[in-house]
There are 2 protein chains.
Amino acid sequence: MIILSKLADYGVIVATHLAAHPDRQATAAAIAASTRLPRATAAKLLKAMAHAGLVTATRGPAGGYRLARRPAAISIAEVVAAIDGDIGLTQCSVHEADCERTTYCPTRPHWAAINRAVGAALSAISLAEMIGPLAFAPAASFTEPARDARIFMDEPPR
Amino acid sequence: MIILSKLADYGVIVATHLAAHPDRQATAAAIAASTRLPRATAAKLLKAMAHAGLVTATRGPAGGYRLARRPAAISIAEVVAAIDGDIGLTQCSVHEADCERTTYCPTRPHWAAINRAVGAALSAISLAEMIGPLAFAPAASFTEPARDARIFMDEPPR
DNA sequence: ACCAATTCGGACCGGATTGGTACGCAATAG
DNA sequence: CTATTGCGTACCAATCCGGTCCGAATTGGT
């Protein structure tokens with residue numbers, strides 16, 4: 001199974017590209033060319049990110065997109081959430097109301113915990129870190145998972 | 001965005017139900033009734049798990065399903081993988097060949113690391129733990145994920 | 001001050017994947 | 001032998017994803 005949608009994946013690529021040139025103002029077409037993505041798709045992604053406040057857009061000639069904050073202040077989780085919506089493992093993590101099993105399903109509280117762990121993993125890495133070489137723990141400690149805990153937690157979110 | 005597919009979610013519910021009664025031999029119909037799932041769907045899930053070797057099936061009258069191992073020896077990751085296939089964040093994590101961006105895309109190594117983290121989170125919890133109360137650290141340190149953000153679990157859109 | 005080029009913004013549509021179902025076959029216990 | 005149960009295949013429906021189109025806003029030139 002693939003966790004991230006293609007669009008979310010592309011969105012991170014676009015955001016990373018913007019982070020690599022934080023000073024320049026780039027048009028949607030230029031970004032599409034640089035990332036080898038279809039123009040319309042890149043435009044759609046940028047639109048979503050602008051809506052979420054991650055990038056600022058200026059119209060008219062000499063317009064274009066630019067990151068709204070410093071690359072180090074934008075996490076992967078935010079980019080993904082801007083495109084695909086909030087992150088949740090299961091249906092009931094996102095729409096609690098839709099799950100009529102709430103009362104007797106014993107798995108729900110556990111999902112919430114795993115949920116936070118996954119979210120933390122995506123929140124812990126910023127666009128700035130995405131540009132350079134591996135900047136955070138290479139997860140060597142995860143090869144043997146060892147229950148009980150603190151799964152990702154060797155990486156305090158800054 | 002929802003990470004687990006509905007079927008994978010259901011699969012965990014079914015597996016958890018089996019783990020709650022490890023001695024009993026349960027028919028697909030009985031499991032479906034207990035979990036309030038459609039019979040055909042439950043059967044499909046059980047078949048997939050049997051194929052992956054997580055449950056054993058015996059046919060004929062008085063047949064049914066049973067966990068192949070002790071509940072503590074089956075991880076959530078295995079159940080999910082049995083139904084949805086291997087876990088990967090992005091397309092290129094699963095089919096490396098399909099990504100022609102391999103050479104210049106700077107984000108790929110990072111994905112692999114996050115990938116391991118997610119996999120570890122799902123591998124770290126077993127069916128046995130899924131039955132009882134929260135058995136591992138609820139990741140309380142991440143409840144405030146950083147900066148403005150508040151990415152998860154609040155639920156604004158729509 | 002107007003016009004026009006350029007750029008973003010929202011609505012729409014086709015297609016693929018997923019979720020769910022139905023039917024016929026194989027195996028086993030009574 | 002027969003009834004019950006799982007096994008496999010094939011099929012249908014629906015949601016969601018990915019992509020394209022056309023309209024709205026803004027700046028720069030004239």
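Bear in mind that the values here come from a model prediction, so they are computed numbers and not experimental data. Reckoned from all heavy atoms, side chains included, excluding hydrogens, waters and symmetry mates. Every chain is numbered from 1, with letters handed out A, B, ... down the list of sequences.
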For this session: Give the rounded distance in Å between these two atoms: CG of A:Leu46 and P of C:dT6.
Result: 20 Å

For this session: Mind calculating the distance between NE2 (A:His51) and C1' (C:dG9) to the nearest angstrom?
Result: 11 Å

Seminar exercise, completed: Here the pair of heavy atoms bringing B:Asp86 nearest to B:Ala81 is OD1-CB, 4.3 Å

Exercise. Heavy atoms under 4.0 Å, any strand shown: does A:Ala40 hit a base, just sugar-phosphate, or nothing?
Worked result: base

Exercise. What heavy-atom pair brings B:Ala28 and B:Ala42 nearest, and what distance separates the two atoms?
Worked result: O-CB, 4.5 Å

At a cut-off of 3.5 Å, list every protein nitrogen or oxygen paired with a nitrogen or oxygen from nucleotides 16-18 of chain D, distance to 0.1 Å.
from	atom 1	to	atom 2	distance (Å)
D:dG18	OP1	A:Lys6	N	3.0
D:dG18	OP2	A:Leu7	N	3.4
D:dG18	N7	A:Lys44	NZ	3.4

Exercise. Whole Å only: how far is the CD1 atom of B:Ile83 from the P atom of C:dT17?
Worked result: 20 Å

For this session: Just do the side-chain contact (heavy atoms from CB on, under 4.5 Å) check on B:Arg66 and B:Val55 with the steps written out, would you?
Result: CA-CA 5 Å; B:Arg66 180 179 303 218; B:Val55 302; over 6 Å; no

Seminar exercise, completed: A:Ile31 atom CD1 is separated from C:dT6 atom P, nearest whole Å, by 18 Å

Exercise. In whole angstroms, how far is the P atom of D:dT4 from the CZ atom of B:Arg39?
Worked result: 13 Å

Problem set entry | Atom of A:Arg39, atom of A:Ala32 and distance for their closest heavy-atom approach | CA-CB, 3.7 Å

For this session: Identify whether any heavy atom of B:Ala50 sits under 4.0 Å from a base atom; if not, whether one sits that close to sugar-phosphate; answer base, sugar-phosphate or nothing.
Result: nothing

Anything under 3.5 Å between a protein N or O and an N or O of nucleotides 22-26 of chain D, put it in a table, one pair a line.
from	atom 1	to	atom 2	distance (Å)
D:dA25	O4'	A:Arg59	NH1	3.2
D:dA25	O4'	A:Arg59	NH2	3.4

Problem set entry | Distance-minimising heavy-atom pair for B:Ser75 and B:Leu122 | CB-O, 4.0 Å

For this session: Quick one: closest heavy-atom pair of A:Leu18 and A:Tyr65, and the distance?
Result: CD2-O, 4.3 Å

For this session: Take atom CD of B:Gln25 and atom P of C:dA29, then tell me their distance rounded to the nearest Å.
Result: 11 Å

Problem set entry | Between C1' of C:dC8 and CZ of A:Arg66, the distance in whole Å | 16 Å

Exercise. What is the distance from atom CD1 of A:Ile76 to atom OG1 of A:Thr16, rounded to the nearest 0.5 Å?
Worked result: 5.5 Å

For this session: Give the rounded distance in Å between these two atoms: NZ of B:Lys47 and P of C:dA26.
Result: 16 Å

Exercise. For B:Ala82 and B:Met49, which heavy atoms make the closest approach, and how far apart are they?
Worked result: CB-CA, 4.5 Å

For this session: Begin with the C-alpha distance, continue with both residues' side-chain angles, and end with the deciding distance and a verdict on side-chain contact (heavy atoms from CB on, under 4.5 Å) for B:Thr35 and B:Tyr10.
Result: CA-CA 9 Å; B:Thr35 55; B:Tyr10 294 159; over 6 Å; no

